[in-house]
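This report concerns only the one structure given below.
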Number of protein chains: 2
Amino acid sequence: MTFSIGILSRRAGVKVPTIRYYEQVGLMPSPPRTDGQQRRYGDAEVARLNFIRHARELGFEVDAIRELLAMSAQPEESCAEVDRLARRHLAEVEQRIARLISLRTELQRMVTECGHGRVGECRVIQVLADHGECDHDHGGARTGFAEA
Amino acid sequence: MTFSIGILSRRAGVKVPTIRYYEQVGLMPSPPRTDGQQRRYGDAEVARLNFIRHARELGFEVDAIRELLAMSAQPEESCAEVDRLARRHLAEVEQRIARLISLRTELQRMVTECGHGRVGECRVIQVLADHGECDHDHGGARTGFAEA
DNA sequence: CTTGATCCTCTAGTCGCTAGAGCTTGTAGA
DNA sequence: TCTACAAGCTCTAGCGACTAGAGGATCAAG
């Protein structure tokens, strides 16, 4: 009926310390404890954790997931807010893609122009040292690098 | 002939605290100081900082930039290493692009399928709650989110 | 000589975890 | 029932690349 954090971890595919972290930041509830202070979970928590994992895999931030969870608990409400959140995230993803594609173009140019000689004549080094040659925008904004 | 960190900041387009951070992590040298402990720089530092900024804008990590700087100080060496670094970085960028494009596809599907009704029938929430419907890989690896 | 912009160091915060120390608890087998 | 020991617990610190702020010193112009 109830199970430990390790079992929950296996059922939802989320590491144990991550679950405790989610509890700390308010994504997961503080579950009941045994007399020895060990956490005990039920099936509802498996579902909730799966939801969180899916959202993280899609790149939603923790703050957004908190909102999504709150909204999904109100099934009678309009889903306009949910939609807005998802669209905003989609727009961010698209921006990152655009940024990365422009980086890729530049990197490709650099490596194809490299004559494989000495560092002194290396195109890669030259471009980095004297970026005036290609001063289109990509200066200052987000690069699109990251993680998860 | 020599100038302050603020001037260097403006000439290279890098914020003052960031320059101090670069010094701390060994990308920039510890420059000579005035009697009052203020840093004094010359033109060589402007060039070096520009190199660093360009490399960061292209998404190179600080460790990679350290190597690139060391190599660019050896103009007689072969640029094979430089080339290798740039190609590796390009490959990473391409991986991130691929990952983000698959996320985009999924997000697009979610938002276009949303009927704009109640949360209870919202496609976005359904997909997050029951990811079994689309269980192709994107589970566990890097998401491609980031920064800079 | 005064003003105030700029400089200094140091600490802590960002995000989403992850790693480790050092200790306690639960459970399965003998 | 006892004993291992896997798994749990809390707490702190670290990742990367900065950014923000406190609290005070210094420099250059007028």
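Model, not experiment: these values are computed from the prediction. Naming: A, B, ... by sequence-line order, numbering from 1 per chain.
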Got a list of protein N/O to nucleotides 1-6 of chain D N/O distances below 3.5 Å?
none

Please report, rounded to the nearest Å, how far the P atom of C:dC15 is from the CD1 atom of A:Ile52. 17 Å
Can you measure A:Gln24 atom CD to C:dT14 atom P for me and round it to whole angstrom units? 13 Å
Taking all non-hydrogen atoms of both residues, which atom of A:Phe60 and which atom of A:Leu85 are closest, and how far apart? CE2-O, 4.1 Å
Test salt bridge (Lys or Arg N to Asp or Glu O under 4.0 Å) applied to A:Glu23 and A:Arg20, step by step: CA-CA 5 Å; A:Glu23 180 180 331; A:Arg20 287 196 279 246; over 6 Å; no
Separation of C:dG16 P from A:Arg66 CZ (nearest whole Å): 9 Å
Nucleotide nearest B:Thr34 when distance is taken to its side chain, options D:dC18, C:dG16, D:dC27: D:dC27
Between protein and nucleic acid, restricted to nucleotides 23-25 of chain D and to nitrogen or oxygen atoms under 3.5 Å apart, what atom pairs and distances do you find?
none

Counting only heavy atoms from other residues, nucleotides and ligands, does the tally under 6.0 Å from CD of A:Glu61 exceed 12? no
Interatomic distance, B:Gln37 CD vs D:dC27 P [rounded to whole Å]: 9 Å
Might you confirm whether atom CZ of B:Arg84 has over 12 heavy atoms from other residues, nucleotides or ligands at distances under 6.0 Å? yes
Atom CD of B:Glu92 and atom P of D:dG16: how far apart are they, to the nearest Å? 13 Å
Separation of D:dC18 C1' from B:Arg53 CZ (nearest whole Å): 16 Å
Check every strand shown and say whether A:Arg20 touches a base, only sugar-phosphate, or nothing at a heavy-atom separation below 4.0 Å. base
Taking atom P of D:dA7 as reference, at what distance in whole Å does atom CZ of A:Arg10 sit? 7 Å
Among D:dT10, D:dT19, D:dC27, which nucleotide has an atom closest to any side-chain atom of B:Lys15? D:dT19
At their closest point, which heavy atom of A:Val111 faces which heavy atom of B:Ala86, and how far apart are they? CG1-CB, 3.6 Å
Among C:dC7, C:dT27, D:dC9, find the nucleotide with the atom closest to the side chain of B:Ile5. C:dC7
What's the CZ-P distance between B:Arg33 and C:dC8, to the nearest Å? 6 Å
